[in-house]
Amino acid sequence: MSSRTPSRSLFRPPSGVDQSALAENKGIVRSIERRLFLRQGLSLGALTLLTGCDISNKESVQAVLKEFSSWNDRVQAWLFDPAKLAPTFPESQVLKPPRFNAFYSIDEVKPIDAASWKLEIAGLVKDKRPWTLDRINALPKVTQITRHVCVEGWDYIGKWSGVSLRRFLEIIEADLTAKYVAFECADDYSGSIDMASALHPQTQLTTDYADEPIGNAYGFPLRLRVATKLGFKMPKWITSLEVTNQYPGGYWEDRDYNWFSGI
Ligand SMILES: Nc1nc2c(c(=O)[nH]1)N[C@H]1C(S)=C(S)[C@@H](COP(=O)(O)O)O[C@H]1N2
Ligand SMILES: [Mo]
């Protein structure tokens with residue numbers, strides 16, 4: 001056996017704890033597996049090895065998973081390079097229509113009436129006047145052709161256009177030294193991102209997909225696009241934007257997905 005390959009027995013689960021402790025913490029386990037590029041699933045034995053912790057009951061398994069995951073989040077945020085761009089692709093690779101995902105199926109989407117829709121502004125911002133779609137559409141647009149990656153293990157290339165979030169935050173005179181930008185949606189979804197990612201050159205408030213107003217199922221009239229993060233970090237059907245220093249969490253974040261979730 002090569003000296004670089006750990007012996008199989010090292011990955012054997014410690015005796016006395018059954019694997020259901022992992023099954024009960026699926027969200028965290030999945031994000032750890034993704035981050036570590038584990039080809040096989042995370043085992044209790046591997047977790048013991050990685051963390052050096054004694055995992056002798058279900059409660060300690062959960063505590064170790066949470067600790068590992070929040071450590072992983074802090075490292076990702078720290079490693080994030082605000083100037084590094086996500087790869088871009090040729091027009092010919094753009095998927096039309098895009099691939100749908102939400103925590104419910106596409107036929108349950110409730111289309112938004114553009115005429116009565118408003119974007120509310122809250123938190124550490126000087127100009128809190130709500131925005132109509134016409135006013136948002138009058139702002140200068142940027143376009144990107146980038147890859148959308150869902151935590152579920154699929155991806156596609158899309159073409160999104162809209163106002164740069166940095167530009168928008170400057171226009172509403174947001175406190176750019178605040179920690180978080182949080183979003184609420186017309187469905188029961190919400191989400192939040194770190195300010196460094198909000199100010200990234202490829203982060204935009206998207207109004208268009210493939211040069212048309214974005215489709216009802218994909219976030220019309222306004223969705224977030226962050227080319228450096230996983231799909232669940234990009235709320236669709238946004239109804240409010242808040243700048244805050246209080247950790248806002250989000251729909252999946254509160255269900256144990258990693259908050260930073262870079263790709
Ligand atoms: N409001 C809202 N936004 C959401 C979701 C949702 O369920 N509701 N799902 C997220 C997930 S998991 C993904 S992968 C992307 C999918 O975006 P798309 O349908 O445009 O590909 O939307 C994200 N934004
Ligand atoms: Mo997703």
Side-chain angles (χ1 to χ4, degrees), residues 26-35 69 73 76 86 88-89 93-114 117-120 122 133 136 143-162 165 180-194 197-198 202-242 248-263:
K26 248 201 221 135
I28 304 189
V29 169
R30 219 201 260 167
S31 51
I32 292 175
E33 287 169 352
R34 234 195 97 78
R35 187 48 48 193
S69 160
D73 243 18
Q76 277 197 57
T88 57
F89 301 87
Q93 283 182 250
V94 173
L95 183 68
K96 288 183 237 175
R99 178 167 172 168
F100 171 83
N101 199 26
F103 65 92
Y104 44 85
S105 67
I106 193 163
D107 39 79
E108 291 170 85
V109 169
K110 295 196 191 85
I112 287 183
D113 169 37
W117 175 87
K118 273 194 174 62
L119 174 68
E120 305 286 343
L133 185 55
I136 288 178
T143 293
Q144 62 177 271
I145 301 178
T146 49
R147 189 189 296 279
H148 177 105
V149 183
C150 178
V151 68
E152 292 168 357
W154 48 265
D155 61 81
Y156 65 88
I157 307 295
K159 180 180 185 182
W160 292 273
S161 309
L165 182 57
Y180 310 105
V181 182
F183 300 89
E184 277 168 14
C185 306
D187 57 354
D188 285 327
Y189 202 79
S190 61
S192 58
I193 58 171
D194 51 295
S197 298
Q202 286 169 310
T203 300
Q204 56 166 252
L205 288 174
T206 301
T207 48
D208 302 87
Y209 185 88
D211 307 311
E212 306 275 354
I214 194 161
N216 283 329
Y218 310 98
F220 179 85
L222 195 69
R223 62 108 33 100
L224 181 66
R225 175 76 201 145
V226 188
T228 54
K229 285 190 188 290
L230 291 174
F232 82 87
K233 297 299 297 180
M234 294 167 238
K236 307 198 277 191
W237 313 291
I238 295 172
T239 53
S240 84
L241 177 159
E242 180 182 6
Y251 182 91
W252 286 117
E253 293 85 343
D254 299 347
R255 289 163 178 80
D256 289 337
Y257 278 26
N258 267 128
W259 180 73
F260 193 84
S261 282
I263 52 175

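Note that ligands are numbered from 1 as they come in the structure, with each ligand's atoms numbered from 1 the same way. Counting from 1, the numbers follow the sequence of the chain as shown.
Every N/O-N/O distance between Trp252 and ligand 1 stays at or above 3.5 Å. Considering backbone and side-chain atoms together, Asp187 places an N or O closer than 3.5 Å to an N or O of ligand 1. When only interatomic distances are considered, the shortest N/O to N/O separation between Trp154 and ligand 1 does not fall below 3.5 Å. Between Tyr156 and ligand 1, at least one N/O pair is under 3.5 Å apart.
Atoms of ligand 1 found under 4.0 Å from any heavy atom of Ala102 (numbered from 1 in listed order, with element): 6 (C), 7 (O), 9 (N). Atom numbering of ligand 1 starts at 1 in the shown order; those under 4.0 Å from a heavy atom of Phe100 are 19 (O). Listed by number with element, the atoms of ligand 1 under 4.0 angstrom from any heavy atom of Pro235 are 3 (N), 24 (N). Listed by number with element, the atoms of ligand 1 under 4.0 Å from a non-hydrogen atom of Cys185 are 1 (N). Near Cys150, meaning under 4.0 Å from any of its heavy atoms, are these atoms of ligand 1: 14 (S). Residue-ligand proximity, Arg99 to ligand 1, at heavy-atom distances under 4.0 Å covers atoms 18 (P), 19 (O), 21 (O). Within ligand 1, counting atoms from 1 as listed, the ones closer than 4.0 Å to a heavy atom of Trp237 are 1 (N), 2 (C), 8 (N). Using a 4.0 Å cut-off to heavy atoms of Phe103, the atoms of ligand 1 that qualify are 7 (O).
Ring-plane geometry between Phe100 and Tyr218 is classed as perpendicular, the angle between the planes exceeding 60 degrees on a 0 to 90 degree scale with a lower cut at 30. In this pair, Tyr257 and Phe232 present their aromatic rings perpendicular. The plane angle is above 60°, beyond the 30 to 60° band. Taking the six-membered ring where tryptophan is involved, the planes of Tyr180 and Trp259 are perpendicular, since the angle between them exceeds 60° and thus also 30°. Between Trp160 and Tyr209, the ring-plane angle classifies as perpendicular under the 30° and 60° cut-offs.
Of all the heavy atoms of Pro98, none lies under 4.0 Å from any atom of ligand 1, so neither backbone nor side chain is involved. Under 4.0 Å from ligand 1, the heavy atoms of Tyr189 that appear belong solely to its side chain.
A donor-acceptor distance shorter than 3.5 angstrom exists from the side chain of Asp73 to the backbone of Phe260, with no hydrogens or angles considered. For Tyr156 (side chain) and Val94 (main-chain N/O), no donor-acceptor pair under 3.5 Å exists by modelled atom type.
For the 3.5 Å distance criterion, the side chains of Asn258 and Ser261 fail to qualify, holding no donor opposite an acceptor. Side-chain atoms of Asp208 and Ser161 form no donor-acceptor pair, as typed in the model, at a separation below 3.5 Å. Side-chain contact check for Arg223 and Thr207: no donor-acceptor pair (N or O, by modelled atom type) lies under 3.5 Å.
The closest non-hydrogen atom to atom 20 (O) of ligand 1, taken over His148, Arg223, Met234, comes from Arg223.
Note that Lys236 lies outside the cation-pi zone of Tyr189, set by a 6.0 Å cut-off to the ring centre and a 45° limit from the axis.
Looking at atom 16 (C) of ligand 1, its nearest protein heavy atom turns out to be Asn101 O, 3.6 Å. The protein non-hydrogen atom at the shortest distance from atom 3 (N) of ligand 1 is Lys236 N, 2.9 Å.
Counting heavy-atom neighbours within 6.0 Å of Asp113 CG, excluding the residue itself, gives a total above 12.
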